[in-house]
Amino acid sequence: MTPALRFLGLEGQRLPLIIDGEGEHVASDVVAKALSIAGSLAERGALQGERVAILIEPGSLFIEALFGVWLAGGVALVLSPLHPTIERKYFCEDARVKRVLTSAAYESIALEQAVPHIRADLVATRASAFRPLLPAKDDAALQLYTSGTTGKPKGAVLSHGNLATQQELVGDAWAVTQDDCLVHALPLHHMHGLCIAALTALGRGASVNFLAKFSVKAIWESFARGSIWMAVPTMTHKLLEEFAASDASKQRRFAASARALRLCTSGSSALPVSVGERWADIAGEYPLERFGMTEIGVGSTNPLHGDRRPGTVGNPLPGVTTRIVDDAGNDGSEGELWVAGESVFLEYFERPEANDAAFVSHNGLRYFRTGDTVTKDERGYLRILGRTSVDILKSGGYKLSALEIEEVLREHPSVSDAAVVGLRDEVWGERVVAAVTLRLGASSNTDALLAHCKERLAPYKCPRMIAIMNELPRNALGKVMKPQLVNMLNVRTSL
Ligand code: MCA
Ligand code: AMP
């Protein structure tokens with residue numbers, strides 16, 4: 001059953017579905033408002049796959065807009081205020097967005113989009129006057145932008161069937177029910193916050209408590225009325241820092257509410273075992289670590305009950321078929337993880353070359369090459385060893401393309417060349433660091449280069465340090481040797 005159909009099944013129910021800054025929203029109201037937004041979008045007929053952007057803060061209105069787009073036959077594209085206008089414009093142009101659904105809070109930034117906007121909160125169509133369009137399994141539902149090894153971010157297109165499979169598999173694996181309450185502080189423009197967290201909960205009629213922003217204090221406090229918490233490792237690290245800085249009575253209160261949670265999950269990047277153990281000391285249980293990707297949702301998970309193995313991401317979900325493929329293209333014990341199954345996305349939007357590189361047919365299955373190097377233990381638990389490309393970084397749980405950041409640096413008139421790498425970092429997983437060389441006679445400083453990046457890239461993509469160098473370390477073919485550069489920059493940052 002697609003997420004849209006499950007959502008309509010909540011019609012008429014008075015259970016609290018969403019908690020946000022405005023209070024509690026019962027399911028029947030959320031569904032009615034989604035229908036009203038759908039009615040307004042489809043005034044002149046079904047959207048037939050039109051991409052509609054959503055630029056709305058986390059909360060009830062966001063969910064109403066998302067389902068409103070789906071019930072009108074559209075494809076949702078989530079924009080974030082974290083992106084500078086130039087990036088949001090790129091997403092809208094790439095996806096040929098014609099309308100942006102927005103809120104009172106974000107209307108002023110929606111105005112910068114050069115695309116007509118609709119205030120979702122002001123839509124007045126009567127819900128009962130609209131007959132929802134029920135999407136088919138293979139219809140596109142979501143276009144999520146993800147950074148890759150080729151230039152600009154690509155739109156990964158997920159179908160309603162992909163999302164339905166995810167809702168089912170993840171909901172079952174973690175036994176999510178209507179009695180759950182998910183504490184939600186993840187960004188909604190990515191797979192983790194939008195699908196793995198929010199849609200999994202909503203698919204079971206569980207309530208979602210959307211926190212306005214990531215605030216360690218608010219999160220510790222909100223555990224008292226939650227049952228599930230999903231985090232990236234940086235969040236766990238920051239929560240532990242706050243815990244350590246709190247007085248004894250607060251610590252007792254925080255620990256009691258964390259222990260009352262029935263499930264804490266971790267994903268998006270590797271959870272350092274020491275961080276997981278410190279969490280377990282306080283919350284009573286090691287976080288359930290799982291592996292996921294924008295293109296596939298959750299691929300593997302440690303068990304809800306039973307042996308959670310620190311440093312691993314557990315077994316593939318039922319229905320997810322995996323191969324571990326070595327450099328020679330053979331199945332091996334260590335190599336690239338390939339994934340097939342109903343949750344694997346449809347395609348990268350209008351990127352035939354990227355699609356050719358991403359998918360491989362084998363024994364009648366269509367495998368997606370994850371770009372992650374993995375190994376498997378005797379009980380089939382997967383362990384992520386790293387990425388197959390040095391140009392893909394993970395910082396704070398965000399996937400970043402070194403090439404995209406390098407391209408932006410090269411656009412600066414003083415820069416002749418740039419190389420971006422990730423330096424290991426306890427809190428962020430990797431810290432983005434750039435090395436640049438300047439054009440002959442040009443002068444610039446790191447502040448100017450950083451300001452240039454900030455105008456063009458989301459804050460989490462901007463380098464934390466820029467080193468101006470006389471030359472970049474290159475091999476005989478002139479290619480920048482990134483491992484050497486990492487060593488050189490590690491020495492510089494430790495000085
Ligand atoms: C911010 N800062 C950083 C970084 N980001 N420093 C180093 N590296 C970074 N990446 C600095 C800021 O400059 C600022 O410094 C300080 O940290 C606080 O910044 P702020 O923006 O307020 O950070 P935050 O709100 O504390 O954000 C941390 C965060 C956020 C909540 C962990 O990064 C986040 O929401 N990450 C989640 C990403 C995510 O959802 N990924 C899922 C992708 P100063 O104080 O000096 O100014 S989907 C996926 O991966 C798959 C599907 C999967 O498996 O889940
Ligand atoms: P994204 O493209 O943002 O969806 O990021 C997907 C990538 O995040 C995967 O290909 C992995 O490299 C990484 N990832 C997700 N979960 C984990 C995990 N539990 N441990 C290590 N890496 C992870």
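From a predicted model like this one, the values you see are computed outputs, not experimental measurements. Counting convention: from 1, in listed order, for ligands and their atoms alike.
For atom 19 (N) of ligand 2, the nearest non-hydrogen atom of the protein is Arg290 O, 2.7 Å. Among protein heavy atoms, the minimum distance from atom 24 (P) of ligand 1 is reached at Phe214 CD2, 4.1 Å. Here the protein heavy atom with the shortest distance to atom 9 (C) of ligand 1 is Trp428 CE3, 3.3 Å. Here the protein heavy atom with the shortest distance to atom 21 (C) of ligand 2 is Ala270 N, 3.3 Å. The nearest protein atom to atom 49 (C) of ligand 1, hydrogens excluded, is given as Ser268 OG, 3.5 Å; this is a heavy-atom distance. Distance from atom 22 (N) of ligand 2 to its nearest protein heavy atom, with residue and atom name: Ser269 CA, 3.7 Å. Protein heavy atom closest to atom 10 (N) of ligand 1, with residue, atom name and distance, is Ser395 OG, 2.8 Å. Scanning all protein heavy atoms for the shortest distance to atom 2 (O) of ligand 2 gives Lys399 CD, 2.8 Å. Taking atom 34 (C) of ligand 1 as the reference point, the nearest protein heavy-atom neighbour is Tyr398 CE1, 3.8 Å. Looking only at heavy atoms of the protein, atom 3 (O) of ligand 2 is closest to Lys394 NZ, 3.2 Å. When only non-hydrogen protein atoms are considered, atom 6 (C) of ligand 2 lies nearest to Gly292 O, 3.5 Å.
Between the side chains of Glu107 and Ser103, no donor-acceptor pair of N or O atoms lies under 3.5 Å. Thr301 and Trp174 share a side-chain donor-acceptor pair at under 3.5 Å. Inspection of the Ser60 and Asp20 side chains reveals no N or O donor paired with an N or O acceptor under 3.5 Å. A donor atom on one side chain and an acceptor atom on the other are found under 3.5 Å apart for Glu112 and Thr85.
Considering backbone and side-chain N/O atoms, Asp372 comes within less than 3.5 Å of an N/O atom of ligand 2. Ligand 1 has an N or O atom lying under 3.5 Å from an N or O atom of Gly397, backbone or side chain. At under 3.5 Å, a nitrogen or oxygen of Arg290, whether backbone or side chain, sits near a nitrogen or oxygen of ligand 1. Close N/O approach between Arg431 and ligand 1 is not found [any backbone or side-chain N/O within under 3.5 Å]. Residue Glu295 has no nitrogen or oxygen atom sitting less than 3.5 Å from a nitrogen or oxygen atom of ligand 2, judged on distance alone. Remark: ligand 1 and Gly396 share an N or O pair separated by less than 3.5 Å (distance only, no angle test). Between Lys394 and ligand 1, at least one N/O pair is under 3.5 Å apart.
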Could you go through the ring-ring contact (aromatic ring centres under 6.0 Å, His included) check for Phe359 and Tyr367 one step at a time?
-> CA-CA 6 Å; Phe359 293 106; Tyr367 281 92; over 10 Å; no
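Within a 4.0 Å radius of atom 45 (O) of ligand 1, the protein contributes no heavy atom. The protein does not reach atom 19 (O) of ligand 1 closely, with no heavy atom under 4.0 angstrom from it. Remark: atom 16 (C) of ligand 1 lies closer than 4.0 Å to no protein heavy atom. Atom 6 (N) of ligand 1 lies below 4.0 Å from at least one non-hydrogen atom of the protein. Note that atom 29 (C) of ligand 1 has no protein non-hydrogen atoms nearby, at separations under 4.0 angstrom. Proximity of atom 22 (O) of ligand 1 to the protein is not indicated, since no non-hydrogen protein atom lies closer than 4.0 angstrom. Atom 54 (O) of ligand 1 is approached by the protein to below 4.0 angstrom, counting heavy atoms only. Atom 2 (N) of ligand 1 is flagged as protein-proximal [any protein heavy atom, distance under 4.0 Å].
Ligand-side atoms of ligand 1 in range of Thr294: 52 (C), range being under 4.0 angstrom from any heavy atom. Atoms of ligand 2 lying under 4.0 Å from at least one heavy atom of Val313, given by number and element, are 18 (C), 19 (N), 20 (N). Those atoms of ligand 1 that come under 4.0 Å of a heavy atom in Met235, given as number and element, are 31 (C), 32 (C), 35 (O). Interface of Met293 with ligand 2, defined as ligand atoms under 4.0 Å from a residue heavy atom, comprises 4 (O), 6 (C), 9 (C), 10 (O). The Gly292 neighbourhood of ligand 1 comprises atoms 51 (C), 52 (C), 53 (C), 54 (O), with distances under 4.0 Å to a heavy atom of that residue. Remark: ligand 1 atoms within the under-4.0 Å shell around heavy atoms of His192 are 42 (C), 48 (S), 55 (O). Taking every heavy atom of Thr146 and a limit of under 4.0 angstrom, the matching atoms of ligand 2 come to 2 (O).
Only the side chain of Glu289 comes within 4.0 Å of ligand 2, judged by heavy-atom distances. For Arg464, every heavy-atom contact with ligand 1 shorter than 4.0 Å involves the side chain, none the backbone.
In this structure, the ring of Tyr90 has its center no less than 6.0 angstrom from the ring center of His83.
For the pair Asp377 and Arg309, the salt-bridge criterion is met [side-chain N within less than 4.0 Å of a carboxylate O]. Using a 4.0 Å cut-off between charged side-chain N and carboxylate O, Asp94 and Lys152 make no salt bridge. With salt bridges taken as basic N to acidic carboxylate O contacts below 4.0 Å, none links Asp425 and Arg464. For Glu406 and Arg410, the salt-bridge test passes: some basic side-chain N is under 4.0 Å from an acidic carboxylate O. A salt bridge links Arg308 with Glu285: the closest approach of a Lys/Arg side-chain nitrogen to an acidic carboxylate oxygen falls below 4.0 angstrom. The existence of a salt bridge linking Arg456 and Glu411 is confirmed by a sub-4.0 Å separation between a basic side-chain nitrogen and an acidic carboxylate oxygen.
Here the CD1 atom belonging to Ile219 is positioned 6.0 Å from the CE atom belonging to Met235, to the nearest 0.5 angstrom.
Ligand 1 is approached by Pro187 to a heavy-atom distance shorter than 4.0 Å. Proximity of Lys238 to ligand 1 is established by a heavy-atom distance of less than 4.0 Å. Using 4.0 Å as the threshold, Lys399 has no heavy atom nearer than that to any atom of ligand 1. Under a 4.0 Å heavy-atom criterion, His192 is not in contact with ligand 2.
Of the candidates Ser266, Gly397, Ser268, Ala156, the one placing a heavy atom closest to atom 13 (C) of ligand 2 is Ser268. Residue Thr294 holds the heavy atom nearest to atom 4 (O) of ligand 2 of all those in Thr294, Asn302, Leu385.
Screening Val344, Thr146, Leu144 for a side chain to side chain contact (heavy atoms under 4.5 Å, CB included) involving Glu295 leaves a single residue, Thr146.
No donor-acceptor pair closer than 3.5 Å links the side chain of Glu430 to the backbone N or O of Leu423.
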